Amino acid sequence: MVKKRKHSETQVIEPAKKDESETERPKRTLLGWKDKPEEKETESLPPHQGGFRNKEKVLVTCSRRINYRYRHLMLNLVSLLPHCKKDSKVESTSSKGATLNELVELKNCSSSLFFECRKHKDLYLWMVKCPSGPSVKFLVNAVHTMEELKLTGNHLKGSRPLLTFSANFDKDAHWKLLKEMIIQIFGTPKDHRKSKPFYDHAFVFSIVDDHIWFRNYQISVPHNETDKMARGGLDKMTLVEVGPRFCLNPIKIFGGSFGGPTLYENPFFISPNQIRALEKKQKAGKFAKKVKAKTRRKMHELSNPLEPDEFADMWKE
C-alpha cells in the first residue's frame, strides 16, 4: 500500500523575497543584453570631453575608357589608403557631378578622388569634399606606378602614413587650402578597423614650379640580433622610396562639390590640347619651310637661265 502524504507536506514553499535595493540582472540574448543598465549621470562625459573621432572615408573611382597605366596608379592609391572605398566606373559627362555626389552619399563617404581620363592620354584628378565642397581639379603628370618602378622600399599594408609638406605650402591662401584637403583625404583616421596602429612610411608633398610632387617613402630603422631597436638607432634612420610617383598641376578650385563658383584659377596652366596643337604647328612649319625653299629654287632657275652649250649637239650627227 502506498502511503498518502500529509497535507502539510504538499504545501508549496514560497521563495524568499529579494531585497528591493538590489538591481536585477538584465536578460542575456544572442544579440546582447536585452535591457542595458542605465548609466549614471556622473559617469557620462560631455561630447567635447569624450574625444574627437575621425570618421573620414574616401570614395575612389575613375571614368570609363581609362588607360591601363592610370588605372594602375588608382589601384596603388587604393592600396595606400585603408579608409577608402572603391566603386564602378562613371561616365565622364557634364552630369558626372550629380552622379558622384549620389555615389558618395550611398557609400557613406565624406570625400572623393575621381580619376578622369580624356582622349586616352590626359589624366585629371578631382579632389572633392562632399557634399558642400570645396573641390580641386588637377592635371596629373609624370606618372610612375609601383609595378614599373620596382623600388626596394616595402612597408606594411594598412599602416598609417606620416604626412610631410614643404615650407612653401604656407605661402599663399590656395596652397593652405590644398594642404588642409590633402591632410583630410590622405591621412588615415586613428583606430580605423583596416589600419595598423603604427607608422612605417611617409607621404611627402612638395611644391616645385607651382606643381605638387608626391613621393612615398618607407621609414627604415636598423635592428640588432634580438629584434629590438638598437640604442641610437633613430640617428641611423633612413628613407627608402616605395612609390608611386606623380605630379599634380592645380587648374581650378571650386566652391562647391564638382563645380560651383571659382575660388582660384591657375594663370600659368596650359591645357594638353594647346601643347599638342603648338607641336603640330611646329611640325607643319618645317614642311612649309621645305616647300618655300623649293619654290624659291624654281624661281631662281627661271630668272637666271643657263647659256646654251656649244657642244650640246656635237655627237648627235
Side-chain angles (χ1 to χ4, degrees), residues 52-67 70-141 143 161 163 173-190 192-195 203 205 212 214 246 248-266 269 271-272:
F52 170 72
R53 182 171 178 81
N54 187 5
K55 296 183 180 180
E56 182 75 26
K57 296 178 184 177
V58 184
L59 176 69
V60 181
T61 183
C62 63
S63 63
R64 295 189 182 277
R65 295 173 293 276
I66 191 172
N67 194 359
Y70 300 149
R71 187 177 69 252
H72 289 173
L73 174 65
M74 182 191 69
L75 295 177
N76 291 157
L77 285 181
V78 168
S79 64
L80 293 176
L81 303 177
H83 61 289
C84 75
K85 293 184 178 181
K86 292 190 299 182
D87 202 274
S88 57
K89 297 178 182 178
V90 178
E91 190 68 36
S92 179
T93 58
S94 58
S95 62
K96 64 179 180 296
T99 306
L100 288 168
N101 285 329
E102 187 177 356
L103 284 175
V104 169
E105 186 178 357
L106 289 174
K107 291 287 185 178
N108 195 19
C109 296
S110 57
S111 305
S112 176
L113 289 175
F114 177 60
F115 291 84
E116 184 179 4
C117 185
R118 296 181 182 176
K119 297 184 178 180
H120 299 277
K121 299 177 182 178
D122 308 326
L123 180 64
Y124 295 89
L125 174 62
W126 286 85
M127 193 180 294
V128 185
K129 294 294 294 182
C130 297
S132 58
S135 56
V136 191
K137 185 179 181 181
F138 297 97
L139 176 67
V140 185
N141 294 320
V143 175
L163 301 181
H174 63 279
W175 293 122
K176 292 180 181 178
L177 176 61
L178 291 177
K179 178 180 178 180
E180 184 62 29
M181 291 188 67
I182 290 171
I183 289 173
Q184 294 186 21
I185 292 176
F186 286 87
T188 303
K190 186 180 179 181
H192 192 270
R193 61 187 183 88
K194 290 185 179 180
S195 67
F203 290 165
F205 297 90
I212 300 176
F214 172 83
F246 57 88
L248 300 176
N249 185 10
I251 303 172
K252 283 185 179 182
I253 300 177
F254 300 97
S257 177
F258 291 100
T262 303
L263 303 180
Y264 169 78
E265 185 173 0
N266 189 1
F269 173 73
S271 67

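The shown structure was predicted, so the numbers you read here are calculated from the model rather than taken from an experiment.
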Min side-chain heavy-atom separation [X]-[Y] under 4.5 Å:
| X | Y | result |
| --- | --- | --- |
| Met181 | Pro134 | yes |
| Ser257 | Cys130 | yes |
| Leu77 | Phe186 | yes |

Considering all heavy atoms, the nearest [X]-[Y] contact:
| X | Y | answer |
| --- | --- | --- |
| Ile183 | Leu163 | CA-CD1, 3.8 Å |
| Pro161 | Thr188 | CD-OG1, 3.4 Å |
| Ser92 | Ser63 | CB-CB, 3.9 Å |
| Lys57 | Asn108 | CD-O, 3.4 Å |
| Tyr70 | Cys117 | CD1-SG, 4.0 Å |
| Asn54 | Pro189 | O-CB, 3.4 Å |

Could you pull out all residues at least two apart from [X] that satisfy side chain to side chain donor-acceptor pair (under 3.5 Å)?
| X | result |
| --- | --- |
| Ser132 | none |
| Asn141 | none |
| Thr262 | none |

>> Looking at Lys86, I'd like to know if its NZ atom is crowded, meaning that more than 12 non-hydrogen atoms belonging to other residues, nucleotides or ligands lie closer than 6.0 Å.
In response: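 Not more than 12 within 6.0 Å, no.
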
For [X] and [Y], indicate whether the former's side chain and the latter's backbone hold a donor-acceptor pair under 3.5 Å.
| X | Y | value |
| --- | --- | --- |
| Asn266 | Pro250 | yes |
| Thr61 | Phe114 | no |
| His83 | Ile185 | yes |

Spatial distance of atom [atom1] ([X]) from atom [atom2] ([Y]) [nearest 0.5 Å]:
| X | Y | atom1 | atom2 | value |
| --- | --- | --- | --- | --- |
| Phe205 | Lys179 | CZ | NZ | 11.5 Å |
| Met127 | Ser111 | CE | OG | 9.5 Å |
| Lys107 | Cys84 | NZ | SG | 11.0 Å |
| Phe203 | Leu81 | CZ | CG | 6.0 Å |
| Phe246 | Leu125 | CZ | CG | 7.5 Å |
| Asp87 | Leu106 | CG | CG | 8.5 Å |

> side-chain contact (heavy atoms from CB on, under 4.5 Å) between Arg65 and Glu91: does it pass, once the steps are laid out?
Replying inline: CA-CA 9 Å; Arg65 295 173 293 276; Glu91 190 68 36; 2.6 Å; yes

>> As a quick check of understanding, evaluate side-chain contact (heavy atoms from CB on, under 4.5 Å) for Phe115 and Val60, giving each step before the final call.
In response: CA-CA 8 Å; Phe115 291 84; Val60 181; 4.1 Å; yes

> How far apart are the C-alpha atoms of Leu178 and Tyr264, what are their side-chain angles, what is the distance that settles it, and do they pass the side-chain contact (heavy atoms from CB on, under 4.5 Å) test?
Replying inline: CA-CA 11 Å; Leu178 291 177; Tyr264 169 78; over 6 Å; no

>> Here's one to test your reading of the geometry: is the NZ or CZ of Lys137 within 45 degrees of the ring axis of Tyr124 and under 6.0 Å from its centre?
In response: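 Judged by the rule (NZ or CZ under 6.0 Å from the ring centre, within 45° of its axis), Lys137 counts as positioned above Tyr124.
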
> Does a salt bridge link Glu56 with Lys190, judged by any charged N lying under 4.0 Å from a carboxylate O?
Replying inline: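 Between Lys190 and Glu56 there is no salt bridge, as every charged N stays at least 4.0 Å from the carboxylate O atoms.
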
> Given the rule in the side-chain contact (heavy atoms from CB on, under 4.5 Å) test, do Leu248 and Phe214 qualify, once you have shown the distances and angles that lead to the verdict?
Replying inline: CA-CA 8 Å; Leu248 300 176; Phe214 172 83; over 6 Å; no

